[in-house]
Amino acid sequence: MVDNYLPVFDMAEQMGMEKHVEEQLTAAVQAVSRWERGVPEATEEGRRLHAQVAAMNREQSAFNDGSQITILDSCIGCGRCML
């Protein structure tokens, strides 16, 4: 995920931000429990970041070849990750 690909972020800046983690986690848990679907509206900043990551992926062909995906024994097979 772009949001946690650390090489593209200034970590000192990220550590200094108030990210409202507890509120975001609560909202995420509620959305998953309600089986909400949807994609947030794209922003210009998001589009620029996507273009940067896409360019990096093209340069590193093995970056997104699926080999980084691991299904653990704890998977319950709900299929949520495939929506």
Side-chain angles (χ1 to χ4, degrees):
M1 298 296 295
V2 174
D3 290 350
N4 61 11
Y5 186 63
L6 300 181
V8 298
F9 293 101
D10 175 348
M11 291 309 296
E13 179 183 349
Q14 292 295 313
M15 297 298 286
M17 289 180 172
E18 175 54 57
K19 296 187 178 188
H20 309 283
V21 173
E22 291 301 320
E23 293 92 341
Q24 290 190 48
L25 286 173
T26 299
V29 167
Q30 290 172 351
V32 169
S33 69
R34 289 189 300 262
W35 286 82
E36 289 182 8
R37 290 182 159 195
V39 177
E41 185 82 25
T43 64
E44 286 305 313
E45 180 182 10
R47 287 185 174 108
R48 283 191 298 274
L49 185 55
H50 179 269
Q52 289 175 332
V53 172
M56 288 176 8
N57 285 344
R58 283 189 295 276
E59 293 170 8
Q60 302 171 359
S61 61
F63 178 80
N64 192 19
D65 65 359
S67 65
Q68 298 85 1
I69 298 170
T70 303
I71 299 173
L72 304 175
D73 291 337
S74 58
C75 173
I76 62 170
C78 69
R80 187 72 179 138
C81 61
M82 300 188 62
L83 296 176

By side-chain hydrogen bond (donor to acceptor under 3.5 Å, both in side chains), which residues pair with E44, not counting sequence neighbours? R47
Per-pair distances, 0.1 Å, donor-acceptor, side chain in residues 12-25, under 3.5 Å, sequence neighbours excluded:
{"from": "Q14", "atom 1": "OE1", "to": "K19", "atom 2": "NZ", "distance (Å)": "2.5"}
{"from": "E18", "atom 1": "OE2", "to": "H20", "atom 2": "N", "distance (Å)": "3.0"}
{"from": "Q24", "atom 1": "NE2", "to": "K19", "atom 2": "O", "distance (Å)": "2.4"}

Which other residues end up in the same hydrophobic cluster as V32, if Ile, Leu, Val, Met, Phe, Trp and Tyr are linked when side-chain heavy atoms come under 4.5 Å apart? none
Just jot down the side chain to side chain contact (heavy atoms under 4.5 Å, CB included) partners of C78, sequence neighbours excluded, or say none. I76, R80
Residues in salt bridge (Lys or Arg N to Asp or Glu O under 4.0 Å) with R34, at least two apart? E36
